[in-house]
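In what follows, a single structure is set out as structure tokens and then discussed.
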Amino acid sequence: MKRQQILDLYEWSPGVCFRHPSRGEVPTAHVKTIRPPAGGIQDVRACTECVLQMEEDRKAAAERTGASYKPGRLGLE
């Protein structure tokens, strides 16, 4: 699958990437919701670069283990 096809699987809105907070507000996708020990709920968002890297990591892990891989499922598995 091509880069843009993978990115199109996600909904994008302005936010701060959890890996690159110094970049400030950039287009991000929601990838997970966490519940910190201090309480509350926090959404984890990732920029296009990070989403593509995480998808590549998921694909490589699936190939190593023989599991199936379907892009667009960050935070759902």
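Numbers for residues simply follow the sequence, beginning at 1. Everything numeric here is computed off the predicted structure, so don't read it as measured data.
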**OP:** Among Glu55, Glu56, Met54, find the one that has a side chain to side chain contact (heavy atoms under 4.5 Å, CB included) with Arg58.
**Re:** Glu55
Original post:
How would you list all residue pairs meeting side chain to side chain donor-acceptor pair (under 3.5 Å) that involve residues 35-46, not counting sequence neighbours?
Top reply: Ser13-Arg45, Thr28-Arg45, His30-Asp43, Thr33-Asp43
Drop me the distance from [X]'s [atom1] to [Y]'s [atom2], to the nearest 0.5 angstrom.
X     : Y     : atom1 : atom2 : result
Trp12 : Cys47 : CH2   : SG    : 7.5 Å
Leu74 : Tyr10 : CG    : OH    : 3.0 Å
Met1  : Lys70 : CE    : NZ    : 9.0 Å

Original post:
If you take all heavy atoms of Val51 and Ala29, which pair is closest and at what distance?
Top reply: CG2-CB, 4.3 Å
Original post:
Which atom pair, heavy atoms only, marks the closest approach of Ala46 to Cys17?
Top reply: CA-SG, 3.9 Å
Original post:
Do any pairs count as a salt bridge (charged side-chain N to carboxylate O under 4.0 Å, His left out) and have a residue in residues 4-22, sequence neighbours left out, and if so which ones?
Top reply: none
**OP:** Identify whether Leu7 and Leu9 are in the same connected component of the hydrophobic contact network (ILVMFWY, side-chain heavy atoms under 4.5 Å).
**Re:** yes
**OP:** May I ask you to test the Ile34-Ile41 pair for a side-chain heavy-atom distance under 4.5 Å?
**Re:** no
**OP:** Measure the shortest side-chain to side-chain distance between His20 and Val26 over non-hydrogen atoms and say whether it is less than 4.5 angstrom.
**Re:** no
